[in-house]
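So that the names make sense, note that chain A is the first sequence line, chain B the second, and so on, each numbered from 1.
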2 protein chains.
Amino acid sequence: MQDFLYLRENNIKEIIELMLEAYTNSYSDPYEVLKKNSFGKAHHRLICAVDINPGIKVADLIKKLKITKQSLSRVLQELIKKEIISQSKGDVDGRHRLLHLTEKGKKISEEIFNTQKKRILEAFKESDSDEVLSFKKVLKKIIAE
Amino acid sequence: MQDFLYLRENNIKEIIELMLEAYTNSYSDPYEVLKKNSFGKAHHRLICAVDINPGIKVADLIKKLKITKQSLSRVLQELIKKEIISQSKGDVDGRHRLLHLTEKGKKISEEIFNTQKKRILEAFKESDSDEVLSFKKVLKKIIAE
DNA sequence: TTTAATAGTCAGCTTTATTGACTTATATTA
DNA sequence: TAATATAAGTCAATAAAGCTGACTATTAAA
């Protein structure tokens with residue numbers, strides 16, 4: 001019977017710690033850009049999620065970020081006031097509030113993204129394209145419930 | 001000239017958001033176990049880092065978790081008091097404090113790990129072994145400075 | 001038209017992390 | 001050996017991020 005090395009407990013545990021470190025490193029890269037705009041980690045996570053999911057509704061954002069609506073609200077209202085994020089009423093369901101980055105928000109998100117992409121690009125340039133594809137594929141499967 | 005799809009900005013951006021979600025999901029899995037022991041996310045991160053890096057010194061832990069020593073201290077002293085983590089003086093350099101999980105700490109870490117590994121195992125079982133190897137390889141490269 | 005879902009809000013609290021200013025112990029180097 | 005640097009610990013004050021609970025307003029569905 002074959003022993004699947006990659007399914008061994010120690011490998012799984014190592015992967016879990018690698019994910020912690022990869023996230024921690026990647027999301028600390030834009031520290032200066034965020035500070036310049038008086039934003040914290042909570043703003044960063046929110047901007048990132050709205051950027052890649054334009055038109056996302058509040059309920060889905062809460063699920064994605066795994067925070068309460070009260071926690072989200074404080075940060076979201078700040079970003080709306082500063083005209084980084086805009087809201088619109090859902091056309092299918094009028095109770096929904098659909099969130100988008102404003103033009104100003106897109107610029108700041110790009111600035112944040114530029115500091116983060118360096119790290120990823122370096123890693124990808126040292127990898128084969130199929131390795132990168134596998135990376136993304138597995139990442140998506142980890143997210144799926 | 002070839003266009004490397006996987007190096008396109010939108011793909012990199014998507015990867016960055018996938019990492020956010022994968023980390024958020026993976027590290028919210030042990031919510032009940034942590035709550036039972038009156039531990040929070042900070043304790044979780046610390047236990048995980050010491051588990052996979054036995055004998056790590058305080059300075060390296062601070063670098064890995066990207067927090068200040070004052071932030072680390074509060075949580076670390078709690079875990080030392082509760083006999084989850086033990087300290088020993090470094091034999092090479094007597095100023096170092098080397099951190100280990102105690103037997104009690106190993107048990108709790110296993111309990112935490114068991115809730116996290118399910119998600120990873122499911123993802124890995126649906127993947128080929130070379131995809132998992134690529135995943136780990138790229139993850140490590142993202143961490144590297 | 002009653003009920004359910006979505007979003008927003010107010011208040012009070014806990015947890016996590018920060019800055020800045022120190023102390024103690026050990027190691028290095030001049 | 002004496003001066004300096006490094007690693008860790010500590011005290012105090014503050015900020016950032018998150019939570020629970022109790023509500024209101026709006027819109028959709030039964």
- Message: On DNA chain C, compare the nucleotides closest to A/His96 and A/Gln77; which residue's is nearer the 5' end?
- Response: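 Nearest-nucleotide comparison on DNA chain C picks A/His96.
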- Query: Between B/Val75 and A/Val58, who's closer to the 5' end of DNA chain C by nearest nucleotide?
  - Reply: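 With B/Val75 and A/Val58 compared, the 5'-side residue is A/Val58.
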Which whole-number value in Å describes the distance from [X] [atom1] to [N] [atom2]?
| X | N | atom1 | atom2 | value |
| --- | --- | --- | --- | --- |
| A/Leu99 | C/dA7 | CG | C1' | 11 Å |
| A/Leu72 | C/dT6 | CG | P | 15 Å |
| B/Ile62 | C/dT18 | CD1 | P | 10 Å |
| A/Arg45 | C/dT16 | CZ | P | 15 Å |
| B/Lys63 | C/dA17 | NZ | C1' | 20 Å |
| B/Lys57 | C/dT26 | NZ | P | 16 Å |
| B/Leu98 | C/dT26 | CG | P | 14 Å |
| A/Phe39 | D/dA15 | CZ | C1' | 17 Å |

Select base, sugar-phosphate, or nothing to describe what [X] touches, counting heavy atoms under 4.0 Å on all strands.
| X | result |
| --- | --- |
| B/Lys66 | sugar-phosphate |
| B/Glu78 | nothing |
| A/His43 | sugar-phosphate |

Contact under 4.0 Å: [X] side-chain N or O vs [N] OP1/OP2:
| X | N | value |
| --- | --- | --- |
| A/Lys69 | D/dC19 | no |
| A/Ser71 | D/dA17 | no |
| B/Thr68 | C/dT18 | yes |
| B/Arg74 | C/dT15 | no |
| B/Lys89 | C/dT26 | yes |

What do you reckon, is [atom1] of [X] surrounded by more than 12 foreign heavy atoms closer than 6.0 Å?
| X | atom1 | answer |
| --- | --- | --- |
| A/Lys118 | NZ | no |
| B/Glu83 | CD | no |
| B/Lys107 | NZ | no |

- Pick the nucleotide of DNA chain D nearest each of A/Ile67 and A/Asp93; which residue has the one closer to the 5' end?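 On the 5' side of the pair lies A/Ile67.
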- Message: Between B/Glu14 and A/Lys140 (salt bridge meaning N to carboxylate O under 4.0 Å), is one present in this structure?
- Response: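 Counted as a salt bridge, because a side-chain N and a carboxylate O are separated by less than 4.0 Å.
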Does any donor-acceptor pair link the side chain of [X] with the base of [N] at a separation under 3.5 Å?
| X | N | result |
| --- | --- | --- |
| A/Arg95 | D/dT26 | no |
| A/Gln70 | D/dG21 | yes |
| A/Arg97 | C/dA7 | no |

- Task: Kindly point out which of D/dA17, C/dT6, D/dG9 is positioned nearest to the side chain of A/Lys41?
- Result: D/dA17
- Item | B/Gln116 side chain to B/Ser26 backbone, donor-acceptor under 3.5 Å | yes
- Are the aromatic ring centres of B/His44 and B/Tyr27 under 6.0 angstrom apart?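 That pair passes the under 6.0 Å test.
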